[in-house]
Amino acid sequence: MLIAPSLLAADFGNLQSAVRFVNTSEADYLHIDLMDGVFVPNITFGFPAIKAVSAAATKPLDVHLMTVDPVKFIPQVRDCGATIMTIHVEACTHIHRAMQSIRQAGMKVGVALNPGTPLCMIEEIVTEADLIMLMAVNPGFGGQSFITSTISKTERLKKMLKETGSKAIIGVDGGVNAHTGGLLAHAGADMLIAGSYVFNAPDPLSAIHTLKTL
Ligand code: DX5
Ligand code: ZN
């Protein structure tokens with residue numbers, strides 16, 4: 001299982017030590033949530049903060065944009081050194097063109113879906129994506145409860161990827177813990193994004209290890 005701890009749940013007063021902790025862990029990516037207060041009712045990191053995090057990080061960055069018009073931020077996200085840029089299908093009128101632009105900028109392409117967005121929204125573009133990220137909470141905040149319909153959505157997505165020959169991996173973001181992570185692993189998820197379960201754990205390294213071995 002690929003693991004991406006979400007920095008949103010870290011101590012913002014000491015981000016460098018959170019990044020160093022992730023560097024030493026079994027995590028595969030560092031997940032960074034960029035919110036604009038418009039697409040979602042919250043604001044998080046801006047580009048100067050992401051650049052500083054990136055400079056301290058040894059794991060590849062997966063930058064999750066919860067913004068309207070994410071295409072206009074492609075150069076900044078690239079300049080932050082992101083490996084994956086994940087955009088929401090709901091935020092893009094021209095998702096296909098947006099994905100092409102991310103790839104042309106030299107990044108891997110992630111496409112996220114809100115819990116209320118059906119899989120048919122990505123049917124035509126799954127073969128162009130590197131990552132399909134299912135939101136298991138309504139985006140905007142950490143520490144929310146897992147929406148259980150994400151399990152069957154993961155199974156259906158797995159089937160869709162197989163039928164279309166897509167090589168995209170399936171990520172799930174929100175409400176991930178050892179229990180929901182186990183269900184997701186069984187349903188076909190390839191990558192788990194976890195904020196509070198990792199950073200609020202008494203032993204964050206072993207929390208990552210638990211998810212890693214699901
Ligand atoms: C939510 C973010 C998530 C968040 C997950 O909008 O996209 O990445 O950090 O937090 P937990 O794991 O606490 O649900
Ligand atoms: Zn996220």
Side-chain angles (χ1 to χ4, degrees), residues 1-10 15 18-19 21-23 25-35 39-40 42 44-45 50 53-54 57 59-67 70 77 80 82-91 107-115 117 122 129-151 153-154 157-158 168-201 204-205 207-214:
M1 182 64 74
L2 298 169
I3 306 302
S6 172
L7 206 57
L8 186 62
L15 280 180
V19 175
F21 149 72
V22 174
N23 290 348
S25 76
E26 291 177 81
D28 301 277
Y29 288 90
L30 177 60
H31 182 91
I32 300 185
D33 291 304
L34 203 168
M35 304 184 189
F39 183 69
V40 289
N42 199 6
T44 51
F45 311 88
I50 297 176
V53 163
S54 179
K59 305 283 180 179
L61 301 192
D62 156 33
V63 180
H64 175 196
L65 276 83
M66 284 156 278
T67 72
V77 174
C80 285
T83 295
I84 308 178
M85 175 167 170
T86 299
I87 57 175
H88 271 259
V89 68
E90 304 87 358
M107 294 178 284
K108 289 190 176 173
V109 182
V111 176
L113 275 81
N114 285 332
T117 302
I122 53 164
D130 297 296
L131 162 71
I132 302 293
M133 205 173 80
L134 300 179
M135 294 304 301
V137 298
N138 287 297
F141 304 93
Q144 303 181 81
S145 306
F146 184 82
I147 296 172
T148 51
S149 57
T150 313
I151 303 292
K153 201 174 185 181
T154 302
L157 175 57
K158 192 83 181 173
I169 62 167
I170 301 177
V172 181
D173 186 10
V176 170
N177 55 37
H179 173 64
T180 58
L183 297 172
L184 289 166
H186 188 251
D190 305 294
M191 180 188 201
L192 298 174
I193 296 111
S196 359
Y197 176 72
V198 168
F199 287 99
N200 297 346
L205 274 181
I208 290 177
H209 181 73
T210 301
L211 296 179
K212 184 77 195 157
T213 49
L214 285 175

- Task: Give the intermediate values and the outcome of side-chain contact (heavy atoms from CB on, under 4.5 Å) for residues D62 and L30.
- Result: CA-CA 6 Å; D62 156 33; L30 177 60; over 6 Å; no
- Yes or no on side-chain contact (heavy atoms from CB on, under 4.5 Å) for V53 and I32, after CA distance, side-chain angles and deciding distance? CA-CA 9 Å; V53 163; I32 300 185; 3.6 Å; yes
- Task: Walk me through it: do L65 and T86 pass the test side-chain contact (heavy atoms from CB on, under 4.5 Å)?
- Result: CA-CA 6 Å; L65 276 83; T86 299; over 6 Å; no
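Every residue was checked against the side chain to side chain contact (heavy atoms under 4.5 Å, CB included) condition with H186, not counting sequence neighbours, and none meets it. For L183, the side chain to side chain contact (heavy atoms under 4.5 Å, CB included) test picks out I151, H179, with sequence neighbours left out. Take T154 and apply the side-chain hydrogen bond (donor to acceptor under 3.5 Å, both in side chains) test, not counting sequence neighbours, and it matches no residue. The side-chain hydrogen bond (donor to acceptor under 3.5 Å, both in side chains) test applied to T148 returns no partner, not counting sequence neighbours. Shown here are the side chain to side chain contact (heavy atoms under 4.5 Å, CB included) partners of P115, two or more places apart in sequence or in another chain: M135, N138, P139, I147. Every residue two or more places apart in sequence or in another chain that forms a ring pair (Phe, Tyr, Trp, His ring centres under 6.0 Å) with F21 is listed here: F199. Scanning for ring pair (Phe, Tyr, Trp, His ring centres under 6.0 Å) contacts around H88 gives F39, H64, with sequence neighbours left out. The side-chain hydrogen bond (donor to acceptor under 3.5 Å, both in side chains) search around H209 returns E26, not counting sequence neighbours. A search for side chain to side chain contact (heavy atoms under 4.5 Å, CB included) contacts involving I169 returns L2, L131, D190, M191, not counting sequence neighbours. Residues satisfying the side-chain hydrogen bond (donor to acceptor under 3.5 Å, both in side chains) criterion with N42, sequence neighbours excluded, are absent altogether.
Listed by first then second residue, pairs satisfying salt bridge (charged side-chain N to carboxylate O under 4.0 Å, His left out) with a partner in residues 173-182 number zero, not counting sequence neighbours. Note on residues 174-183: no pairs pass salt bridge (charged side-chain N to carboxylate O under 4.0 Å, His left out), not counting sequence neighbours.
Residues G174 and F146 come closest through the heavy atom pair O-CD1, 3.5 Å.
A salt bridge links K212 with D28: the closest approach of a Lys/Arg side-chain nitrogen to an acidic carboxylate oxygen falls below 4.0 angstrom.
For NZ of K108, the number of neighbouring non-hydrogen atoms (other residues, nucleotides, ligands) closer than 6.0 Å is 12 at most.
Under the 3.5 Å distance criterion, with hydrogens and angles disregarded, a donor-acceptor pair is assigned to the side chains of T180 and N177.
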